[in-house]
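One structure is given here, and the rest of the page talks about it.
Both ligands and their constituent atoms are indexed starting at 1 by order of listing.
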Amino acid sequence: MQDFNGKVALITGAASGIGYAIAEVLGESGAALSLVDIEAGALAKVEHEFLARGWSVLSQTADVSSFDAVHAAVKSTVHRFGRIDIICNNAGVGLEGPVESWTDAGWSWVLGVNLMGVVNGVRAATPFFKAQNSGHILNVASIGGLTAAANHGQYGASKFAVVGLSQSLRDELAPHGVGVTVLCPGFVKSRIATSARNAPGDLPARQAWLMETGFTGPAKELFQMIERRVDTGLDARAVGEMALRGLRTNAFIVLTEREFLPDIERRQKAVAKAIAVLGQWPTQPQAQAQTHG
Ligand SMILES: NC(=O)c1ccc[n+]([C@@H]2O[C@H](COP(=O)([O-])OP(=O)(O)OC[C@H]3O[C@@H](n4cnc5c(N)ncnc54)[C@H](O)[C@@H]3O)[C@@H](O)[C@H]2O)c1
């Protein structure tokens, strides 16, 4: 998609950080904006700011982990603007901790927002894109969707899933004129370190307790490192601009920094080693099955 003038973009998690920045660069490029977030107060402020800049804006409070809520937001967008051209499935939350800290509620929250939020956006928008024979899905994963860190299993699993889903969708939807891009940022200044503010039930209190007293050693160091690195990370604005370039070029993956390349290469080397080992087997599994059959 080369020209965003007159296009309609729905962005989830638009009230803060990376979502706000993507909305801002799209607004500056002439797109009408449909802003979705779970935080009504923060969203109202952003809507007010963008309207004052003379942009066409619709804002809707919704929890992306609910398909019905996301579907309603997409339908209202089409009702208001007559079409939808871009869906940016950006809303996401951070949840760290070693295996002993895992709970059903934690897994359900992180997968509900980070994975099902993306699934719901894709499900809701794709019928409109197919009918138009055009559109673009911009999913926000993370560098944590390409390489994994210890004590980061929950977040990492959700983000690896988003990268895999995006690859599948890219091949599935290309014949319908629909592009798919997955943004994999490193550390970016945002409010992600306080994501538990939006967690349901007693998760916020539990998470706060874990941060304060729950863990020592590597898990504690990871919490502290993430907080520090997010505070000193890239400006979200720069990430928004990189995302826009990804949309323009229909890039599959957009990376935002070089720091994590050695980690990605380490994983690629493990795959290359597995391929080499596979090459050493005298017979392939199918041939063996025939031999033993
Ligand atoms: N900041 C980083 O270092 C970083 C790095 C890699 C990937 N990311 C990803 O970027 C995306 C945006 O995060 P951010 O860093 O801007 O954090 P942020 O907390 O500043 O913004 C996230 C926004 O999503 C909203 N949100 C949370 N739960 C929601 C829900 N259930 N439904 C609707 N909206 C919800 C929040 O209210 C907030 O406005 C996330 O998917 C995150 O995983 C962030």
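Around CG of N133, the count of heavy atoms belonging to other residues, nucleotides or ligands within 6.0 Å exceeds 12. Surrounding NE2 of H48 are at most 12 heavy atoms belonging to other residues, nucleotides or ligands under 6.0 Å away.
No hydrogens or angles considered: nothing links the side chains of S16 and E39 as a donor-acceptor pair under 3.5 Å. Counting only N and O atoms by type, the side chains of S66 and D68 include no donor and acceptor under 3.5 Å apart.
The nearest protein atom to atom 24 (O) of ligand 1, hydrogens excluded, is given as G13 CA, 3.4 Å; this is a heavy-atom distance. Taking atom 12 (C) of ligand 1 as the reference point, the nearest protein heavy-atom neighbour is N90 OD1, 3.2 Å. The nearest protein atom to atom 13 (O) of ligand 1, hydrogens excluded, is given as I192 CD1, 4.0 Å; this is a heavy-atom distance. Looking only at heavy atoms of the protein, atom 22 (C) of ligand 1 is closest to G92 O, 4.0 Å. Of the protein's non-hydrogen atoms, G186 O, 2.9 Å is the one closest to atom 5 (C) of ligand 1. Regarding atom 29 (C) of ligand 1, its nearest protein heavy-atom neighbour is I38 CG2, 3.7 Å. If you check which protein heavy atom lies closest to atom 7 (C) of ligand 1, you get A141 O, 3.2 Å. Taking atom 32 (N) of ligand 1 as the reference point, the nearest protein heavy-atom neighbour is V64 N, 3.0 Å.
For ligand 1, the atoms closer than 4.0 angstrom to any heavy atom of N198 are 27 (C), 36 (C), 37 (O). Interface of A62 with ligand 1, defined as ligand atoms under 4.0 Å from a residue heavy atom, comprises 32 (N), 33 (C). The distance from ligand 1 to the heavy atoms of I18 drops below 4.0 Å at these ligand atoms: 8 (N), 10 (O), 16 (O), 44 (C). Of all atoms in ligand 1, listed by their number and element, those nearer than 4.0 Å to a heavy atom of S142 are 6 (C), 7 (C). Residue V188 has at least one heavy-atom neighbour below 4.0 Å for each of these atoms of ligand 1: 1 (N), 2 (C), 3 (O). For ligand 1, the atoms sitting less than 4.0 Å from at least one non-hydrogen atom of D63 are 30 (C), 31 (N), 32 (N), numbered in the order shown with element in parentheses. Listed by atom number, the atoms of ligand 1 under 4.0 Å from V113 heavy atoms are 28 (N), 31 (N).
The side-chain heavy atoms of K269 and K273, taken from C-beta on, include no pair separated by under 4.5 Å. Annotation: side chain of L173 is not in contact with side chain of F129 (no heavy-atom distance under 4.5 Å). Counting heavy atoms from C-beta outward, E96 and M225 have side chains that stay 4.5 Å or more apart.
Ring orientation note: the planes of H152 and Y155 are tilted relative to one another, at an angle of 30° to 60°. Between W55 and F50, the ring planes are tilted. Angles from 30° to 60° get that label.
In terms of modelled atom types and a separation under 3.5 Å, the side chain of D37 and the main chain of A15 share a donor-acceptor contact. Under the 3.5 Å distance criterion, the side-chain polar atoms of N250 are left unmatched by any main-chain donor or acceptor of G179. Although no hydrogens or angles enter the test, the distance criterion places a donor-acceptor pair under 3.5 Å between the side chain of N120 and the main chain of V64. T126 places no side-chain N or O within 3.5 Å of a backbone atom of R123 that could act as its donor or acceptor partner.
In this structure, D37 counts as a contact residue of ligand 1, since one of its heavy atoms falls inside 4.0 Å of the ligand. The closest approach between a heavy atom of G117 and any atom of ligand 1 is not below 4.0 Å. Ligand 1 is never approached by R229 to a heavy-atom distance shorter than 4.0 Å. For the ligand labelled ligand 1, residue G94 lies outside the 4.0 Å heavy-atom shell. Using a non-hydrogen distance threshold of 4.0 Å, K159 registers as a contact of ligand 1.
With a heavy-atom cut-off of 4.0 Å, N114 does not touch ligand 1 at all. Heavy atoms of Y20 found under 4.0 angstrom from ligand 1: none, in either backbone or side chain. Contacts between R197 and ligand 1 below 4.0 angstrom, taking non-hydrogen atoms only, involve the side chain exclusively. Neither the backbone nor the side chain of C184 comes within 4.0 Å of ligand 1, counting heavy atoms alone.
C88 pairs with exactly one of L183, V140, T12 by the side chain to side chain contact (heavy atoms under 4.5 Å, CB included) rule, that one being V140.
Screening residues 252-268 for side chain to side chain donor-acceptor pair (under 3.5 Å) gives R229-E259 as the qualifying pairs, with residues at least two apart or on separate chains.
A salt bridge is defined here as a Lys NZ or Arg NE, NH1 or NH2 lying under 4.0 Å from an Asp or Glu carboxylate O, and R245 with E241 fails to meet this definition.
In this comparison of F187, Y155, W109, the heavy atom closest to atom 8 (N) of ligand 1 sits on Y155. For atom 14 (P) of ligand 1, the nearest non-hydrogen atom from the set S190, A193, G17 comes from S190.
Considering backbone and side-chain N/O atoms, S65 never comes within less than 3.5 Å of an N/O atom of ligand 1.
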